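We number each residue from 1, following the sequence as shown. Predicted model only: the values in this text are computed from it and were never measured.
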Amino acid sequence: MPTYQYEAMDNTGLEIKETIDAGSEAEAQQKIKEKGFFVTKIQEKGRSTKTKGGKTSVEQKKKAAKKKTTFSIGGVRPKQLCTFTRQLSTLQDAGLPILRSLRILEGQSKPGPLKNSLIGVIEDIESGSTLSEAMAKQPKAFDNLYVNMVKAGEAGGALEIILQRLAEFKERSQSLKRKVQGAMIYPIAVITVATGIVGFIMYWIIPKFKKIFADFGIELPSITIWLIYISDLVVDYWYLIPVIPIAFWLLLKIIRKNKMGEYICDKILLKIPVLGKIVEKSTVARTARTLGTLISSGVPILEALIIARDTAGNAVFRRAFDNIYAAIREGESMAVPLKESRVCDDLVVNMVDVGEETGALDTMLYKVADVYDEEVSVLVEGLINLLEPMMVVILGLIVGFIVIALFMPLIKLLNSLA
């Protein structure tokens, strides 16, 4: 009976290299499939290498060489990665081998960063890498959080469960982000339109009134002089209107390149009324859910803290996580340094303390994230409700200033003509 050498993948993405006795290649493949493996290469000892479809390895390499990556800029969009994770989780739950699942998803992906990353992951797995090792080589698509959770799933033999948790985590994060972004569309649109209208009045309308006042030789009141002065600035230096905010943004970017400058900027941001609370609570919600997801997936606490710190997006919180990391390495609990950092409310500290005492830290962190997600939604809604009357008042003051400044000389002109 012939002996066949084969390479295959198990359900966790690990490569298997073994031999099997069978009467034919088809029988050998059937026996391998019954073991729960997915054949990637098979050959009878002493013959040329064949793949599952009966093609030689050289032919397979030629076919693979045709599947080239396309040019793309930037990384994978969060929404796209969220959809991919949910689909991969569904395929794994259905019992498909990981390599086949990735090929299916790569085949239906549109050309872009995600498709390129999946091609790279598939090639690395076929070369003998594990799924987590292959994903770690594609940082544009899969961050440390993603890679470490997949690694924990592979180690625990529960990759489909980990992918479900990861999909839920990504979906919740996207939901919170969409709420905040959606709520800010209206005020940003109103401010942009109002700025355009006021700019039009200053650039085109006020100079015409200025000429009328100059022709009649009217002595202008102070408020009108100020309005004309502002109009002259807009006419003479209109190009600075877009330059100033861009320059301010670049200045902030430069300041934030320095660790101390970044810390000071983030500290000031957290002190801004309402907006600071939104940033604080959304950061707590994100890091708590990240940490809870990692711990429940079996990632070691110290490694989980480093990943959660990197996802914080705020230097004040990153410094707090560094202190927590150092304290845990010294054998302390998480609650004590968390309380000393003063980056979150006593509610979070107490829930973390209870979680550590009861051994249900991941559950408590999930509850913290749920509570703070809801509070962020309430705060964002409150901010919008606050911004609407504020914008009405500010626009009313600007319009009132312009009207009064223009009509006072006109009234004086009409009185002199009478």
Side-chain angles (χ1 to χ4, degrees), residues 143-145 148-149 169 172-173 176-177 180 252-253 255-297 299-380 382-383:
D143 55 18
N144 288 336
L145 168 67
N148 279 276
M149 285 191 66
F169 170 80
R172 282 179 175 269
S173 298
L176 179 61
K177 189 175 181 179
V180 175
L252 282 179
K253 294 284 284 186
I255 292 173
R256 290 178 66 86
K257 288 290 183 182
N258 179 272
K259 286 188 176 180
M260 182 55 67
E262 182 184 19
Y263 180 83
I264 292 172
C265 289
D266 288 340
K267 190 77 173 178
I268 293 171
L269 178 62
L270 292 173
K271 296 294 183 182
I272 299 175
V274 186
L275 182 61
K277 279 293 179 183
I278 292 175
V279 173
E280 176 193 325
K281 292 184 182 296
S282 61
T283 305
V284 170
R286 181 170 59 253
T287 53
R289 194 173 301 283
T290 302
L291 194 57
T293 304
L294 290 167
I295 293 172
S296 65
S297 302
V299 178
I301 182 66
L302 292 177
E303 195 170 348
L305 281 169
I306 293 174
I307 297 169
R309 178 198 65 187
D310 294 340
T311 60
N314 187 286
V316 178
F317 279 85
R318 284 201 295 270
R319 182 175 292 188
F321 272 101
D322 286 336
N323 295 335
I324 295 169
Y325 179 88
I328 291 178
R329 286 194 63 181
E330 296 297 325
E332 295 182 22
S333 66
M334 186 189 297
V336 175
L338 184 62
K339 184 176 182 180
E340 291 174 352
S341 65
R342 297 179 181 178
V343 294
C344 51
D345 299 336
D346 290 338
L347 171 67
V348 179
V349 176
N350 290 326
M351 291 185 74
V352 168
D353 193 19
V354 171
E356 288 181 313
E357 289 178 0
T358 60
L361 181 58
D362 54 339
T363 303
M364 287 298 178
L365 288 169
Y366 280 137
K367 290 181 179 179
V368 168
D370 290 339
V371 169
Y372 274 69
D373 278 345
E374 185 61 32
E375 289 192 15
V376 169
S377 298
V378 173
L379 282 171
V380 169
L383 178 62

Salt-bridged, Asp373 to Lys281, with N to O below 4.0 Å?
-> no
Let's go through Met149 and Thr293 carefully: what are the C-alpha distance in whole Å and the side-chain angles of both, what is the deciding distance for side chain to side chain contact (heavy atoms under 4.5 Å, CB included) to 0.1 Å, and is it a yes or a no?
CA-CA 8 Å; Met149 285 191 66; Thr293 304; 3.1 Å; yes
| Is there side-chain contact between Ser377 and Val380, with at least one heavy-atom pair below 4.5 Å? | no
Residue pair Thr283 / Tyr372, side-chain donor-acceptor N/O under 3.5 Å: no
Inset, instruction - For the residue pair Leu305 and Met334, establish whether any side-chain heavy-atom pair is separated by less than 4.5 Å. - result: yes
### Message
A side-chain contact here means heavy atoms from C-beta on lying under 4.5 Å apart; do Phe321 and Thr287 qualify?
### Response
yes
Rounded to the nearest 0.5 angstrom, the CG-CD distance for Leu269 and Glu280 is 10.5 Å
The reported gap from CG in Leu294 to CZ in Phe169 (rounded to nearest 0.5 angstrom) is 7.5 Å
Check ion pair Asp346-Lys339 (N to O, under 4.0 angstrom): no
Exercise. Show your working on side chain to side chain contact (heavy atoms under 4.5 Å, CB included) between Glu332 and Ile324 and close with a plain yes or no.
Key: CA-CA 9 Å; Glu332 295 182 22; Ile324 295 169; over 6 Å; no
Value for CE (Met351) from OG1 (Thr363), rounded to nearest 0.5 Å, stands at 10.0 Å
Nearest heavy-atom approach of Val336 to Ser333 is CG2-OG, 3.7 Å
- Query: Hey, does Val352 have a side-chain heavy atom less than 4.5 Å from the side chain of Met364?
  - Reply: no
For Ala369 and Ala285, the nearest pair of non-hydrogen atoms, with its separation, is CB-O, 3.6 Å
Residues Asp266, Arg256: salt bridge by 4.0 Å N-O rule
yes
>> Do Val343 and Arg319 make a side-chain contact, defined as non-hydrogen atoms from C-beta onward lying under 4.5 Å apart?
In response: no
Salt bridge Glu262-Lys259, side-chain N to carboxylate O under 4.0 Å
no
Shortest non-hydrogen pair, Pro337 vs Ala327, comes out as CG-CB, 3.6 Å
| request: Taking Asn148 for its side chain and Asn144 for its backbone only, find out whether a donor-acceptor pair lies under 3.5 Å. | output: yes
I'd like to know if the side chain of Asp345 and the backbone of Leu347 have a donor-acceptor N/O pair within less than 3.5 Å. no
Heavy-atom distance under 4.5 Å between the side chains of Phe317 and Val279, does that happen here? no
d(Leu291 CG, Asp362 CG) to nearest 0.5 Å is 9.5 Å
Value for CG (Asp353) from OG1 (Thr358), rounded to nearest 0.5 Å, stands at 9.5 Å
Separation between OG1 (Thr290) and CG (Leu365), nearest 0.5 Å, reads 10.0 Å
Mind running side chain to side chain contact (heavy atoms under 4.5 Å, CB included) on Glu340 and Asn323 for me, showing each step along the way?
CA-CA 9 Å; Glu340 291 174 352; Asn323 295 335; over 6 Å; no
Looking at side-chain heavy atoms only, is the closest gap between Lys277 and Ile272 below 4.5 Å? no
Check: Asp322 main-chain N/O paired with Arg309 side-chain donor or acceptor under 3.5 Å:
no
Residues Ala335 and Glu356: closest non-hydrogen pair is N-OE1, 3.4 Å
Closest non-hydrogen contact found for Val376 with Ile278 is CG2-O, 4.3 Å
